[in-house]
Amino acid sequence: MKAAVIYENGGPGVLRYREVPDPECPDGFVVVDAEAISIEGGDLLARAAGQLPAVPHVVGYLSAGTVSEVAAGVEGRAVGDRVVALNAAGSHAAKRAVPAAMTWPIPAGLDAPRAACVPVAFGTAYECLFTAGHLAQGQTVLIHAGAGGVGMAAIQLAKRAGATVISTASSDEKLERLTALGLDHGINYVTGSFVERTSQLTSSRGADIVIDSIGGQNLVDSVDVLAYRGTLVSVGAAARAGSAIEAQSLWTRNNALHGVYLGGAIVSEYARIHPMIGDMLERVASGELQVEIDRTFPLADAAAAHEYAESRKAFGRVVIIP
């Protein structure tokens, strides 16, 4: 099969389009012939600095396609089923073997490119808002990087829960387009301070929940925009920099810092998380929630796809088509 593989960590240029052996299908697994591959933030981090269990290594969390092989011990999946598949690696390929338990049926009316973009982005957004943040109607949420996958999902889910939604993005054009998804107030972080602007928008009260996928100084500065008993949710490190938050900075307003990692939640709370992601797929299929795909690339151009995803030019998702 064809795959985009790496032999060492590094920038997008380390991805190579190669012929590699088809995956084996051990007990409890299915093989999925990929129709679409979503690029997740974790894919970029794994390519840049992740551990390589072997070389060549195929990175990537999510793909969607058709089941072509079912191993012993699998129930509820059959050859010909259209599914979304999630695993720690292996998505950047024409085929992949995944645990059957880590697949979801693609609902009728939902195409593979949009389906592939749902589990991590919408599942993570749900965990940030409702499991970590305990979002309630009437509260105010600040969502960083609103034009990204998790950001767009969080804007929609927060708005439908009755929240006032504030978000940051790198351009006024992106912010204007986000209003159609439920954004109430946009902040261009290139031209202004999100701390000052959030204070103005909330009459100095601050945000009840802040979702930060950037890390570094952005996470530190986000403490300053929290309302009393607000929650800062750390869910990524796109800045690829550490964050030194002093515990005392949270004390005065009785604030909380909460980390979210969907992979850990799936392992520890599978019975809750798996159906929640299934519900997100149904809500996208029905048209209640939207997946915005900015651009698609062929698998042979996976390096260019990663470069574009890292450029922060995209409005929405970047998808690879095998």
Side-chain angles (χ1 to χ4, degrees), residues 32 34-40 61-67 76-78 80-86 91 98 100-131 133 135-139 141 143 146-165 167 174 177-184 209 211 235 260 262 265-266 269-296 314-321:
V32 178
E35 300 170 21
I37 301 154
S38 71
I39 298 179
E40 304 295 327
Y61 290 165
L62 276 167
S63 59
T66 302
V67 175
R77 296 289 179 267
D81 287 350
R82 298 186 67 249
V83 299
V84 184
L86 170 63
S91 78
V98 297
M102 294 307 299
T103 64
W104 291 263
I106 298 177
L110 183 59
D111 57 41
R114 289 186 298 147
C117 297
V118 172
V120 168
F122 282 86
T124 297
Y126 183 94
E127 288 296 280
C128 290
L129 290 168
F130 303 106
T131 305
L135 177 64
Q137 184 175 3
Q139 290 187 321
V141 181
I143 300 163
V150 172
M152 283 187 174
I155 288 170
Q156 295 177 73
L157 292 173
K159 187 63 177 178
R160 281 155 182 76
T164 297
V165 183
S167 184
K174 287 182 178 180
R177 293 177 67 183
L178 287 171
T179 59
L181 299 179
L183 179 65
D184 293 302
I209 303 170
I211 299 177
V235 69
V260 166
L262 185 66
I266 291 175
E269 303 176 73
Y270 177 86
R272 180 179 68 84
I273 296 294
H274 193 273
M276 179 270 285
I277 291 175
D279 179 61
M280 294 295 112
L281 284 160
E282 293 286 354
R283 293 172 71 179
V284 172
S286 73
E288 178 194 349
L289 300 173
Q290 305 296 319
V291 171
E292 295 283 342
I293 295 177
D294 180 278
R295 189 174 297 184
T296 62
F315 181 81
R317 311 308 306 276
V318 181
V319 174
I320 295 172
I321 305 298

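For reference, positions follow the sequence shown, starting with 1. Please read all numbers here as calculations on a predicted model, not as lab measurements.
Listed for the Ser38 side chain is a donor-acceptor partner under 3.5 Å among the backbone atoms of Ala116.
Taking OG of Ser167 as the reference point, atom CD1 of Ile155 lies at 4.0 Å (rounded to 0.5 Å). Taking CD1 of Ile211 as the reference point, atom CD of Glu127 lies at 11.0 Å (rounded to 0.5 Å). Taking CZ of Phe122 as the start and CG of Asp279 as the end, the distance is 11.5 Å to the nearest 0.5 Å. In this structure, CZ in Arg177 is found 4.5 Å from CZ in Phe315, a value given to the nearest 0.5 Å. Rounding to the nearest 0.5 Å gives a distance of 6.0 Å between CG of Leu262 and CE of Met276. In this structure, Asp294 CG and Arg317 CZ are separated by 11.0 Å, a value rounded to the nearest 0.5 Å.
No side-chain heavy atom of Pro113 sits under 4.5 Å from any side-chain heavy atom of Thr296. Counting only heavy atoms from C-beta outward, the side chains of Val32 and Thr66 never approach each other to under 4.5 Å. Side chains of Thr164 and Gln139 form no contact here, defined as non-hydrogen atoms less than 4.5 Å apart. Looking at Leu157 and Leu289, their side chains come closer than 4.5 Å, going by heavy atoms from C-beta outward.
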Derivation and outcome, side chain to side chain contact (heavy atoms under 4.5 Å, CB included), residues Met102 and Ile266:
CA-CA 9 Å; Met102 294 307 299; Ile266 291 175; 3.6 Å; yes

Could you give me the CA-CA distance, side-chain angles and deciding distance for Arg77 and Thr103, then say whether side chain to side chain contact (heavy atoms under 4.5 Å, CB included) is met?
CA-CA 9 Å; Arg77 296 289 179 267; Thr103 64; 2.8 Å; yes

Pair Val291, Cys117 - check side chain to side chain contact (heavy atoms under 4.5 Å, CB included), show working.
CA-CA 7 Å; Val291 171; Cys117 297; 3.7 Å; yes

Taking it one step at a time, do Val319 and Ile37 satisfy side chain to side chain contact (heavy atoms under 4.5 Å, CB included)?
CA-CA 6 Å; Val319 174; Ile37 301 154; 5.7 Å; no

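The two residues Ala161 and Leu135 make their nearest non-hydrogen contact at CB-CD2, 3.9 Å. Taking all atoms of both residues into account, the shortest heavy-atom contact from Ile143 to Gly151 is CG2-CA, 3.8 Å. Listed here is the closest heavy atom pair of Ala112 and Ala64: O-CB, 3.6 Å. Across Ala158 and Leu129, no two heavy atoms sit closer than the pair N-CD1, 3.7 Å. Between Val98 and Ala85, the closest heavy-atom pair is CG2-CB, 3.7 Å. The two residues Cys128 and Val235 have their closest heavy-atom pair at SG-CG2, 3.6 Å.
In this structure Pro107 satisfies the side chain to side chain contact (heavy atoms under 4.5 Å, CB included) test together with Leu110, Leu281, Glu282, Ala285, sequence neighbours excluded. A search for salt bridge (Lys or Arg N to Asp or Glu O under 4.0 Å) contacts involving Arg295 returns nothing, not counting sequence neighbours. For the salt bridge (Lys or Arg N to Asp or Glu O under 4.0 Å) test, residues two or more places apart in sequence or in another chain that qualify with Arg82 are Glu35.
Pairs of residues two or more places apart, or lying in two chains, that qualify as side chain to side chain donor-acceptor pair (under 3.5 Å) and include a residue from residues 151-161 are Lys159-Asp184. Annotation: salt bridge (charged side-chain N to carboxylate O under 4.0 Å, His left out) contacts involving residues 100-126, sequence neighbours excluded, comprise Asp111-Arg114. The ring pair (Phe, Tyr, Trp, His ring centres under 6.0 Å) pairs that include a residue from residues 271-294 are Trp104-His274, Tyr270-His274, where partners are two or more places apart or lie in different chains.
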